[in-house]
Amino acid sequence: MSVASLIEQVATDEGPKLRPGRLHGLAWLVWRQNRFLLWVVLAGVVAVGCWLWYEHSAVVAATERIHQAGCSYDSDTWAASGQSCWPLLEDVVNPTGAFTGELQPALAAVPALVGMFVGVPLFSQEFERGTHRLLWSQSVSRTRWLAFRFGAAAALVLVASTALAALASWFWHTDVHTELGAFDPPFQGVTYLVLGIVPVATALFGLVLGVLVGLLVRRTLPAVGITAALMLAVECGMYQLRPYLYPQVYGVQPIRPNFDTFMQPTDAWLVSNGMILPNGTKVANDGACINQRGCRQVSQVYGYYHPVSHFWPIQLIESGILLCLTAAVVAFVFHRVRRVA
Amino acid sequence: MNDTSDDRTALEAVGLGKRYRRGWALRDCTFRIPAGAVCGMVGPNGAGKSTLLGLAAQLLTPTEGTVTVFGRPLDAPGQRARVAFVAQDKPLYQRFTVAEMLRLGRELNPGWNQTAAQRIVDQGELPGDARLGSLSGGQRTRVALALALGKQPDLLILDEPMSDMDPLARHQLMGTLMSEAATNGTTLLMSSHILAELDGTIDHLLLVDAGRIRLAGEVDEILAAHRLVSGADPGEGAADPTAGHTVVETRRIGRQLTALIRPEGELSGALEVSRPTLEELLLSYLRSPQAPTLFTDSARAGHDAAVAA
């Protein structure tokens, strides 16, 4: 079902003059003002989907060839038959590397772009052209107008960001996070931001932040810049906060030959680690220990980490925080729009 | 619901004031515009005209005081449909076609009259598929007015409506506006700093100057209350021939004295007396900020309540 027909379904409160198959009232205005944006967003999502499907097919075919050639990553045969196996692996490494190196950063920027180019213009373009005075002189109230205008934008962002997150999660699970794919643990900065539900919550937050800045700043260009800066600050803040959203696991390991640091489990996020001195004090692994007397007798290392099982709890908590902030901003915008001139 | 609706009062302001960051734009405005009036709001640039119209259209929130339309606040249910407003810069969506702009009016206003709106657009020979961005200033004004009239408001507020129209189109559009207003009993409130635009069309006047109302009421009544007198200047110290009357402005040219006064009884026989034109009267008031204000009975807030009591 297209978004247009979804909007159409919402517009069922315009009374008897409603003719089937056509948009009416505010739904028509919102459609008329945003149809270009709608097509751009849909085209973007479809393009990402097609590209990932194409790369997925390439990875599947390459994996098939690798298995047929008898190359197996988990045994010594790889090293033995390395000459013929390595070139085959390239056909897996290249597409998955393009995903981690190019698509992931682009997807991670989507929430900021949503704020800058969907959120900000919602108010700032009306203010810059004075058309808010036209709109708010019609018979519909400002809050009703905002509910439609904002609701449509939120629905579009919700649908598009959910589709992108689902596509990225699918490709990551089936093609990237495999024994042959690129090394890309789920907690890694950009990877975490495009998997699961956090990208959806961040995109919605980006939208309302852009709307708020557009409402307060009133001019598009400065508002776009301020929104970009604020989104960067929020993402950095979230990155700092993220390790503490859920209790970390503490682990102790004996020092092994050639390994004097803590080894976290596969795909876990090592938040901090260090050495345990014979007297029981912990020394963070930042070089401070080198000159200390006790360091030579160290036999144990410690680590605080998030195992991969913490991925979903952390995603849920972070999304909850972002959605609470989103709700607060929405409430403020609806309150403020009644008094703005 | 507490029904305070009042069909005889189109607009009433009590103690209305608006303060911006740079200071008060409007202060202590208390007046009334009776229903059916064609009211012209005049005053110099920066006098507070647009602020007052913005408050009446509920685009601005008053800092103090209240404004009501037909006896009820503007945010009461159904009130938005009764008031139409055209801002000074005639804001329209530049990428919309004329037909789409009229459709906006139809979709967002329950009482929309497509025939009335279409008539005004057709009068200007504007094609429906023309983009607003490609139209001239005067043509955009026409579309903005079509949008406002199509709403079939009871109160139509226009901020400098004809400022960018050529004289012919202005005359024609003003005629259409007046006949539409007369047919539907619409109250018109329009601001202008071009007196010629208003003279002969308006029957009520609101003079706004430095954020205050200085004259309000029927044009005829205001004009009738004033006299333009002239005579030989008796000079300093001699008895002033205008003494005993309310003097708006006195000008001395050579040994000749000219004054605009509100007579408070018999006029001195030594004076030549004539009736001022609207333009002479307004200019006199604008030149004399100290001149006392004048409100006719119908322009006083609470007029109907007083009559009923």
Side-chain angles (χ1 to χ4, degrees), chain A residues 7-8 10-19 22-37 39 121-149 152 216 218 220 334-341, chain B residues 18 20 25 50-51 53-63 74-97 99-101 103-112 114 132-133 140 143-144 147-148 150-153 155-159:
Chain A
I7 296 172
E8 204 167 308
V10 175
T12 51
D13 55 345
E14 290 303 315
K17 68 174 179 175
L18 188 93
R19 270 184 283 162
R22 295 190 72 186
L23 292 174
H24 284 282
L26 280 165
W28 171 79
L29 179 66
V30 168
W31 157 250
R32 174 63 188 83
Q33 283 187 294
N34 293 290
R35 58 189 184 189
F36 179 72
L37 176 73
W39 296 132
L122 197 143
F123 277 111
S124 72
Q125 287 217 308
E126 305 284 349
F127 287 141
E128 273 185 349
R129 295 164 190 175
T131 41
H132 62 295
R133 274 181 252 125
L134 168 78
L135 269 179
W136 298 346
S137 304
Q138 308 304 314
S139 300
V140 292
S141 71
R142 295 179 188 196
T143 37
R144 213 173 130 70
W145 167 79
L146 184 60
F148 270 79
R149 185 79 173 78
L216 298 180
R218 299 175 75 99
T220 303
F334 269 90
H335 170 75
R336 173 91 186 177
V337 76
R338 276 180 247 166
R339 295 189 61 85
V340 82
Chain B
K18 177 71 184 174
Y20 296 114
S50 290
T51 300
L53 295 183
L55 288 167
Q58 218 210 356
L59 286 172
L60 302 174
T61 323
T63 310
L74 263 161
D75 52 5
Q79 287 289 85
R80 309 191 58 88
R82 299 187 77 175
V83 183
F85 174 69
V86 177
Q88 194 168 359
D89 51 356
K90 321 291 183 306
L92 295 165
Y93 289 113
Q94 304 293 308
R95 294 206 187 118
F96 279 36
T97 63
E100 283 173 328
M101 210 62 229
R103 177 154 182 205
L104 182 148
R106 187 167 81 233
E107 300 290 358
L108 301 189
N109 296 291
W112 180 256
Q114 180 73 18
L132 268 302
R140 277 202 290 273
V143 177
L147 206 57
K151 194 180 177 183
Q152 301 279 285
L155 172 62
L156 176 53
I157 302 174
L158 307 170
D159 196 356

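Treat the numbers as computed from the prediction; the structure is a model and nothing was measured. In what follows, chains carry the letters A, B, and so on, assigned in the order in which the sequence lines appear, proteins first and then strands, with residues in each chain numbered from 1. In what follows, every heavy atom counts, from backbone to side chain, and hydrogens, waters and symmetry copies are set aside.
- Side-chain polar atoms of B/Tyr93 and A/Glu126 form a donor-acceptor pair below 3.5 angstrom.
- Checked against salt bridge (charged side-chain N to carboxylate O under 4.0 Å, His left out), A/Arg32 has the following partners two or more places apart in sequence or in another chain: B/Glu100.
- Salt-bridge check for B/Asp89 with A/Arg133: passed, with a basic side-chain N closer than 4.0 Å to an acidic carboxylate O.
- Side-chain atoms of B/Arg95 and A/Phe36, non-hydrogen and from C-beta on, never get closer than 4.5 Å to each other.
- Taking the side chain as every heavy atom from C-beta outward, A/Arg142 and B/Leu59 approach each other to under 4.5 Å.
- Remark: side-chain polar atoms of B/Arg80 are paired, donor with acceptor, to backbone N or O of A/Val140 under 3.5 angstrom.
- Put simply, the side chain of A/Leu134 reaches to within 4.5 Å of the side chain of B/Met101, judged on heavy atoms.
- Taking CG of B/Leu108 as the start and CH2 of A/Trp136 as the end, the distance is 14.0 Å to the nearest 0.5 Å.
- With a threshold of 4.5 angstrom between heavy atoms, B/Leu147 approaches chain A through side-chain atoms but not through N, CA, C or O.
- Taking 4.5 Å as the limit, some side-chain heavy atom of B/Leu104 sits within range of a side-chain heavy atom of A/Leu29.
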Between A/Gln138 and B/Trp112, is a side chain to side chain contact (heavy atoms under 4.5 Å, CB included) present by the stated rule, with each step listed?
CA-CA 11 Å; A/Gln138 308 304 314; B/Trp112 180 256; 5.7 Å; no

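- Judged by distance alone, with hydrogens and angles left aside, the side-chain atoms of B/Asn109 form a donor-acceptor pair with the main-chain N or O of A/Ser139 at under 3.5 Å.
- Residues satisfying the salt bridge (charged side-chain N to carboxylate O under 4.0 Å, His left out) test with B/Arg103, not counting sequence neighbours, are B/Glu107.
- Only the backbone of B/Val83 has a heavy atom closer than 4.5 Å to any heavy atom of chain A.
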